[in-house]
There are 2 protein chains.
Amino acid sequence: MSDPIVTPFRSNTHNHRRCVDTAMARAEERCSRRGVRLTPIRRRVLELIWRRHEPVKAYDLLDQLREEHRAAAPPTIYRALDFLLGEGLVHRIESLNAYVGCGDPNHPHLGQFLICERCNAVAEMDDDDIQQLLARKAATQGFQVNWQTIEINGVCPACVAEGINGKRERKTE
Amino acid sequence: MSDPIVTPFRSNTHNHRRCVDTAMARAEERCSRRGVRLTPIRRRVLELIWRRHEPVKAYDLLDQLREEHRAAAPPTIYRALDFLLGEGLVHRIESLNAYVGCGDPNHPHLGQFLICERCNAVAEMDDDDIQQLLARKAATQGFQVNWQTIEINGVCPACVAEGINGKRERKTE
DNA sequence: CCACACATGTTATTCTATTGCAGTACTCGC
DNA sequence: GCGAGTACTGCAATAGAATAACATGTGTGG
């Protein structure tokens, strides 16, 4: 039985300040254990990502960072993101060109993402069944897997509920 | 039993001219059946993609198209790609910002891609087991699936064989 | 033939990301 | 503490990916 949910969808009872704090503490701890430097810029970028708790664009981060750090430029952000990606502290969502905090940096994993089209919420799964099925299917083609990008678009539970309760949105085409 | 392989890896016996011709004929036939116009530009872009038989970048296509069509500009390519994507004649590989021909435009599908890191070859699968497992896992989160992006990076059979035969490449980092 | 829809031309702009080089700041060994 | 080396940041420019907005052309049906 795989423990599939790394980052669930935010519930209404979600205490966001606490959630950010936990993520930051985990990052600090992990970096010091690994002997790498979570510098002020890197820390701030990670925090900005967690505060939003949804996929964030690099240039949005840049705008926010500039408010407190005049010298920030694209490389500033991309370097920070590269570091955070390398340390497993954030994931990149390919289909959105955006970045989200990783709910479980302490064991390396690829992640499978559920992305809500209506509210942009993202949940992260880390499901062995999925990985193994894909690896098995790939193996039938003689293919050796190194990396998987799995991004599932659809409607999250909260938005499904809204739809049912009459507040149905036009299905854009 | 799903019929998983839409486009297999190119074998050495692969007759590429014939493969391109088949794809083009299928596209012509499909477009006329659907009453949409496979104009010269669209046809040419599709053909350029199939000739390469690997993921192609939009601006590479643009450079090639410009050689024979001076007026070509970014919108020229992106409009053609939009059309081809919409008709299911090509797929976009999110993790590469690149486009590949679809091996089976005649039934709509999402596709799962095996991408070789060494030679850039791509195989397309369309596997129900995978889709259904993902839909099932998503459902346990109360999530309704509309679309799946599945891109698997690794090493294709031909490159695995090369590796075994001593021509092993340095694992970059 | 005209009107309309569709397709393409053209120019500019936005968004995403990287390169290269210069300067600064930690940190390790002395 | 001090110098050397590495890692980090500043800065300017540019590459790469995609779209906007509006003009012009083309093809088909009434």
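Each chain gets a letter, A, B and so on, in the order its sequence line appears, and its residues count up from 1.
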Here the distance between atom P of dA18(D) and atom CD1 of Ile77(B), to the nearest Å, is 12 Å

Mind calculating the distance between CG (Leu96(A)) and P (dC15(C)) to the nearest angstrom? 16 Å

For a side-chain hydrogen bond (donor to acceptor under 3.5 Å, both in side chains) check, start with the C-alpha distance between Glu151(B) and Ser95(B), then their side-chain angles and the critical distance, and finish with the verdict. CA-CA 7 Å; Glu151(B) 297 172 9; Ser95(B) 58; 2.5 Å; yes

Could you state the atom-to-atom distance from CZ of Arg42(B) to P of dG27(D) in whole Å? 13 Å

Parallel, tilted or perpendicular, judged at 30° and 60°: which one describes the rings of His107(A) and His109(A)? parallel

So, is Arg70(B) close to the dT10(C) phosphate, meaning a side-chain N or O under 4.0 Å from OP1 or OP2? no

Residue-level proximity of residues 43-64 of chain A to DNA chain D when a heavy atom falls under 4.0 Å: none

Which letter, B, S or -, goes with each nucleotide of nucleotides 19-28 of chain C from 5' to 3', with contact meaning a protein heavy atom under 4.0 Å? BB-----S--

Separation of dA17(C) atom P from Phe83(A) atom CZ, nearest Å, is 19 Å

Report yes if a side-chain nitrogen or oxygen of Thr39(A) is closer than 4.0 Å to either non-bridging phosphate oxygen (OP1 or OP2) of dA7(D); otherwise report no. no

Taking atom P of dA18(D) as reference, at what distance in whole Å does atom CG of Asp82(B) sit? 10 Å

Rounded to the nearest 0.5 Å, the OG1 atom of Thr149(B) sits from the CZ atom of Arg92(B) at a distance of 9.5 Å

Once rounded to the nearest 0.5 Å, what's the spacing between atom CG of Leu84(A) and atom CZ of Arg43(A)? 11.0 Å

Interatomic distance, CD@Gln112(A) vs CD1@Ile150(B), rounded to 0.5 Å, equals 10.0 Å

Considering only NZ, NE, NH1 and NH2 on the basic side and carboxylate oxygens on the acidic side, decide whether Glu68(B) and Arg44(B) come within less than 4.0 Å. yes

Atom CG in Leu65(B), atom CG in Asp60(B): separation rounded to 0.5 Å? 12.5 Å

CZ of Arg66(B) versus C1' of dT10(C): gap in Å, rounded? 12 Å

Are any of the side-chain nitrogens in Glu29(A) or Arg26(A) under 4.0 Å away from the carboxylate oxygens of its partner? no

When rounded to the nearest 0.5 angstrom, what distance separates CG in Asn146(A) from CD1 in Ile152(B)? 11.5 Å

What is the distance, rounded to the nearest whole Å, between atom CD1 of Ile41(B) and atom P of dC6(C)? 17 Å

Want to settle it: does Leu81(B) or Ala71(A) sit nearer the 5' end of DNA chain D, counting the closest nucleotide to each? Ala71(A)

Look at Tyr78(B) and dA7(C) and indicate whether a side-chain polar atom (N or O) is within less than 4.0 Å of OP1 or OP2. no

Presence of His69(B) side-chain N/O under 4.0 Å of dG9(C) phosphate oxygens OP1/OP2: yes

Once you round it to whole Å, what is the distance between P of dT9(D) and CD of Glu68(A)? 14 Å

